[in-house]
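These numbers come from a predicted model, not from an experiment. When a residue number appears, it is its place in the shown sequence, counting from 1.
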Amino acid sequence: MTFKPVILLSILPVMIAAQAGAADITIACGYQESEMRLCQEAADAWSAESGNHVEVIRAPERSDERYLYILDLLARDDASVDIFQIDVIWPSAMAGDLVDLTEHVPAEERAAFIRTIVDNNTVDGRLVALPWFTDAGMLYYRKDLLDKHALPVPETYGELAETALAVQTAERAGGQADLWGFVFEGQAYEGLTCNALEWISAHGGRILDDDGNIVVDSPASALALGGAAAWVDTIAPPKVTQFVEEDARITFQLGNAVFMRNWPYAWSLLQAEDSAVKGKIGVAPLPKGGVHGQHSAVLGGWQLAVSRFSENQEAAIDFVRYLTSRDEQKRRAIQGSFAPTIADLYQDPEVLDANPFFADLGATLQDAVARPSARTGVQYAQLSTLFWEAAHRTLTGYGTAADNLARLEDRLKLLQDRAGW
């Protein structure tokens, strides 16, 4: 079915009254094509109702580049962008330059969101962003190929490697020369932090303990990273170390991978009419680290925040409320498989019909692993950079996992001694 944007005045936030001289606001809204399309459609619908005008601009693709882009604008008191799409790990680092939305959003509206995300976006009592869509890492798999070879969905990373190699070998022998077993986000950026944290957490490893102590140099973490390095050029293509989300998604969608780690957004694209794997895929929790390991998915997600330098804050806030409203989140879930931040949408029949795996996503989100951004605050960006550099060195063969983790722990301790957290 097609779910088109509609304005329901009885449900959506009340639009600002038409004024002499309509407001012009700008939103930096995602990167991927479906994100841009859905954002532009929403902007057009809201503009038609409110009389205001919205310019939708494309943000940088990589999350670390987007982070620096936003920080640069805020540091220069730049009013050219009114609304930012910010990662779940950024509120504490940007809070001082974002509008406090607490008094602008009714309590009943705030109560509809998943509580933990609202808490994440509240810094020193200030609600600096509204939850737009949430994320957790997931395992996509070729159901048709597993059925063909009578193999189950793997429960552990060891089983994933064995299954991926078995299917890859058999299919290549049958003429599928471009098929690989597993694709993921292996480039040196925030996406690799998410992947590598999932690997080490699945094996029982951590970056920081509950008291903020650095514990990343552990046998569990070394086992996890060493195992991932062994995938490269065996079940994963050599160029996986340069993959971001869209590289992994496109490879999988072309039918050239058995398994893929990615976020929920990929589902709707994989089911498109022009997708080579339409109707052939399944979704499962990411594997455990072993028989004594655990399923581990990193918590992701994106929020909408209003710059304190915006010259049209009232209109910008109203548009943010529209974008995060129940009806707009439902539309985005159905058309783009963006996971809602309003809890009751996970029981909505139309949402579940479009995204059957959403029925189990709530449990995955509840147990998802948070990156240590709340603990480290403005130091998180540097911590993450050091972490993904160590992971990338391991994947590309520059030192063993144990050596790179030992070096990482020393560097993190220097960072902690210098900056504290």
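Trp132 and Gln85 are not linked by any side-chain donor-acceptor pair at a separation below 3.5 angstrom, with hydrogens and angles left out of the test. Side-chain contact annotation: Ser34 with Gln32, donor-acceptor N/O pair under 3.5 Å present. In this model, no donor atom of one side chain and acceptor atom of the other lie less than 3.5 Å apart for Thr241 and Thr396. Between Ser307 and Ser310, the side chains place no donor N or O within less than 3.5 Å of an acceptor N or O (distance only, hydrogens not considered).
Between Lys330 and Ile342, every side-chain heavy-atom pair lies at or beyond the 4.5 Å cut-off.
Note on ring orientation: taking the six-membered ring where Trp is involved, the planes of Phe84 and Tyr69 are perpendicular (angle over 60°, cut-offs 30° and 60°). Note on ring orientation: taking the six-membered ring where Trp is involved, the planes of Tyr346 and Phe358 are tilted (angle from 30° to 60°). Between Tyr67 and Trp90, the ring planes lie tilted relative to each other; the angle falls in the 30° to 60° range.
The main-chain N or O of Leu127 is found under 3.5 Å from a side-chain atom of Thr102 such that the two form a donor-acceptor pair. The backbone N or O of Pro264 sits less than 3.5 Å from a side-chain atom of Ser337, completing a donor-acceptor pair. At distances below 3.5 Å, at least one donor-acceptor pair connects side-chain atoms of Asp247 with backbone N or O atoms of Val244. Using modelled atom types, no side-chain atom of Ser47 and backbone atom of Asp44 make a donor-acceptor pair closer than 3.5 Å. Put simply, the side chain of Asn120 never gets that close to the backbone of Thr116: no donor and acceptor are under 3.5 Å apart. The backbone N or O of Ser221 sits less than 3.5 Å from a side-chain atom of Ser218, completing a donor-acceptor pair.
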Query raised in the report: What do the steps show when you test Val306 against Asp82 for side-chain contact (heavy atoms from CB on, under 4.5 Å), and what is the final call?
Result: CA-CA 6 Å; Val306 176; Asp82 302 275; 5.5 Å; no
**Report entry** Trp46/Ile25 under side-chain contact (heavy atoms from CB on, under 4.5 Å): CA gap, chis, key distance, verdict
**Finding:** CA-CA 12 Å; Trp46 179 80; Ile25 60 176; 3.8 Å; yes
Requested in this report: Please report the C-alpha distance between Asp135 and Leu299 in whole Å, then the side-chain angles of each, then the deciding distance to 0.1 Å, and finally whether the side-chain contact (heavy atoms from CB on, under 4.5 Å) criterion is met.
Outcome: CA-CA 6 Å; Asp135 265 331; Leu299 179 67; over 6 Å; no
Query - Residue pair Arg142, Val277: steps toward the side-chain contact (heavy atoms from CB on, under 4.5 Å) verdict - result: CA-CA 8 Å; Arg142 286 286 300 276; Val277 296; 3.8 Å; yes
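Taken to the nearest 0.5 Å, the CD1 atom of Ile83 stands 9.0 Å off from the CD1 atom of Ile317. Annotation: the span from Arg249 atom CZ to Leu254 atom CG amounts to 8.5 Å, rounded to 0.5 Å. One distance of note links CG of Leu345 with CD of Gln329; it measures 6.5 Å at 0.5 Å rounding. To the nearest 0.5 Å, atoms CG (Leu130) and CZ (Phe113) are separated by 5.0 Å. Note that the SG atom of Cys39 and the CD1 atom of Ile57 stand 10.0 Å from one another [nearest 0.5 Å]. To the nearest 0.5 Å, atoms CZ (Phe357) and CD1 (Ile281) are separated by 8.5 Å.
Summarising the geometry of Glu311 relative to Ala79, their closest heavy-atom pair is OE2-CB, 4.0 Å, with the distance given to 0.1 Å. Minimum heavy-atom separation, Arg126 to Ala95: NH1-O, 2.9 Å. Heavy-atom minimum distance, Pro106 versus Arg321: CD-NH2, 3.6 Å. Smallest separation of non-hydrogen atoms from Ala236 and Phe184: CB-CE2, 4.0 Å. Contact between Ala272 and Lys278 at its shortest, heavy atoms only, is O-CD, 3.4 Å. Across every non-hydrogen atom of Asp348 and Glu350, the tightest pair is OD1-N, 2.9 Å.
Ionic pairing of Glu409 and Lys413 is present here: one or more N-O contacts between side-chain nitrogen and carboxylate oxygen are shorter than 4.0 angstrom. The pair Arg331-Asp327 fails the salt-bridge criterion, with no side-chain N (NZ, NE, NH1 or NH2) lying under 4.0 Å from an Asp/Glu carboxylate O. Between Asp344 and Arg326 a salt bridge is recorded (basic side-chain N to carboxylate O distance below 4.0 Å). Between Asp87 and Arg371 there is a salt bridge, with a side-chain nitrogen of the basic residue lying less than 4.0 Å from a carboxylate oxygen of the acidic one. A salt bridge does not link Glu389 to Arg393: none of the charged side-chain nitrogens sits closer than 4.0 Å to a carboxylate oxygen. Between Glu185 and Arg261 there is a salt bridge, since at least one side-chain N of the basic residue sits less than 4.0 Å from a carboxylate O of the acidic one.
Residues Trp263 and Trp302 keep their aromatic ring centres 6.0 Å or farther apart.
Within 6.0 Å of CD in Gln366 there are 12 or fewer heavy atoms belonging to other residues, nucleotides or ligands.
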